[in-house]
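Here the structure is a predicted model, which means the values were calculated and not measured. Numbering of ligands and ligand atoms starts at 1, following listing order.
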Amino acid sequence: MTSFNYSAHFKHILQSTHENGRFRNFLPLQRHVGNFPNATSTLPNGTKKDVTIWCSNDYLGMGQNPIVMNAMHKAIQQYGTGAGGTRSISGTTQLITQLEDSLCDLHNSESALVFTSGFTSNEGSLGALIRLLPDCVVFSDELNHASMIIGIRNGGAEKHIFRHNDIEHLEDLLKATDIHRPKLIAFESVYSMDGDIAPIADIIALAKKYNAMTYLDEVHAVGLYGPRGGGVAEQLNIMDQIDIIEGTFGKAYGVMGGFITGKKELIETIRLHAPAFIFTTALPPVVVAGALASVEYLKTSSIERDTAHANAQHLKKHIAKADIRTLQGQSHIVPLIIGDDACCKAITSILLNDYNIYAQPINAPTVPKGTERLRLTATAAHTRDHINTLMNALNDLWSSHEFSKIMTG
Ligand SMILES: *Cc1c(COP(=O)(O)O)cnc(C)c1O
């Protein structure tokens, strides 16, 4: 008997990943301060070209904000590079405590906890919370992000998936569950791939009726929604009715890291029981300083938010007028539905090669098969000229012979 061939095994996996269209190439992309949303890309053949990014989550251009950059320059001069340890072993800097205080103020909550990313905050918090609730039942929106799904799975409790944003389905599932069992409803505010927004108030009402806890991922909303950037729940004035709000510093805040906020006993419990928090080195002071500066800045500056939303509305208006299949959500995200992974890849390559427009194809398993798409985001850094150039390119390509050839195979 021959022994197991590891190399052949993994080569086989890569080959089938290629064959089922799930292989991913990353486009090398150099952003330059002051030049976003334009950037220099390096194409597969090695040539460099300037492109306009239409798929960034740096919604407010905070990645090149001078106040945030200054705070980070200062922090590295003052505190050096890494944190030097986990939060419990020498990694709790004053800056990280200040950032948590700033988040309590933002979300009007008792307590906040900073993680190294939005992913780890979801994974760690949901896992710990669910594990610690006796005989817990979890209700999870079917379009929840992978980090929530993995956290819920780690929690190991009974789980029910409700149809996306479907309040009636959620109520049916809640009704069918013993009222005495602890329950947790996990959902997002802005769904990043469809661009729609959850009926947060209705979900809160159901949570009250059936005595369930609520866990809300506001990753695509913090910084961008609400008068101070507190998210959709702030905009609706219902932040205090959510048990846990989770967010990131990596998207609208333009830096990196994640967090949760909520009642003291909840956040303290997660702090003491989430391995994804406990057993990892704290964020470096330089990153924390950037996140803090960004959060504080966006509490009072609305110009970035107003510009980003105005740009998104402008883009949506033009897309609606064009002969282009899209999803009409209430958020800033504009998904263009293509419906096939090979077509999606072909169209994004043409946009990149012929029109200098960078929009990454979003294929399965990130979105359901048959709904492959381009996910466009108009940021505060885009101008009306950028939008006009994009619309000309889309109208041109979508009405071309090449496009119909791609779509009909
Ligand atoms: C990106 C994302 C996360 C993860 O946040 P990171 O800070 O990038 O790790 C969590 N939830 C949702 C909905 C996301 O889109």
Problem - Donor-acceptor side-chain pairing of His314 and Arg384 below 3.5 angstrom - result: yes
Present, as a list of atom pairs with distances to 0.1 Å, all nitrogen or oxygen contacts under 3.5 Å between ligand 1 and the protein.
{"unit_1": "ligand 1", "atom_1": "7 (O)", "unit_2": "Gly118", "atom_2": "N", "d": "2.8"}
{"unit_1": "ligand 1", "atom_1": "7 (O)", "unit_2": "Thr248", "atom_2": "OG1", "d": "2.6"}
{"unit_1": "ligand 1", "atom_1": "9 (O)", "unit_2": "Gly118", "atom_2": "N", "d": "3.2"}
{"unit_1": "ligand 1", "atom_1": "9 (O)", "unit_2": "Phe119", "atom_2": "N", "d": "2.8"}
{"unit_1": "ligand 1", "atom_1": "11 (N)", "unit_2": "Asp217", "atom_2": "OD2", "d": "2.7"}
{"unit_1": "ligand 1", "atom_1": "15 (O)", "unit_2": "His220", "atom_2": "NE2", "d": "2.6"}
{"unit_1": "ligand 1", "atom_1": "15 (O)", "unit_2": "Lys251", "atom_2": "NZ", "d": "2.9"}

Problem - Residue pairs passing the side-chain hydrogen bond (donor to acceptor under 3.5 Å, both in side chains) test where at least one lies in residues 289-299, sequence neighbours excluded - result: Ser102-Glu296, Ser102-Lys299, Asp105-Lys299, Glu296-Lys299, Tyr297-Ser301, Tyr297-Glu304
Please list every donor-acceptor pair under 3.5 Å in which a side-chain atom of residues 192-201 meets a protein atom from a residue at least two apart or in another chain.
{"unit_1": "Asp194", "atom_1": "OD1", "unit_2": "Arg373", "atom_2": "NH1", "d": "2.7"}
{"unit_1": "Asp196", "atom_1": "OD1", "unit_2": "His164", "atom_2": "NE2", "d": "3.2"}
{"unit_1": "Asp196", "atom_1": "OD2", "unit_2": "His164", "atom_2": "NE2", "d": "2.7"}
{"unit_1": "Asp196", "atom_1": "OD2", "unit_2": "Asn165", "atom_2": "ND2", "d": "3.4"}

Handout entry: Residues Glu158 and Arg181 bridged, charged N to O under 4.0 Å
Key = yes
Fill in the blank from the handout: Rounded to the nearest 0.5 angstrom, the CD1-CZ distance for Ile203 and Phe162 is 5.0 Å
Fill in the blank from the handout: Those residues at least two apart in sequence (or on a different chain) that pass side-chain hydrogen bond (donor to acceptor under 3.5 Å, both in side chains) with His32 are Thr40
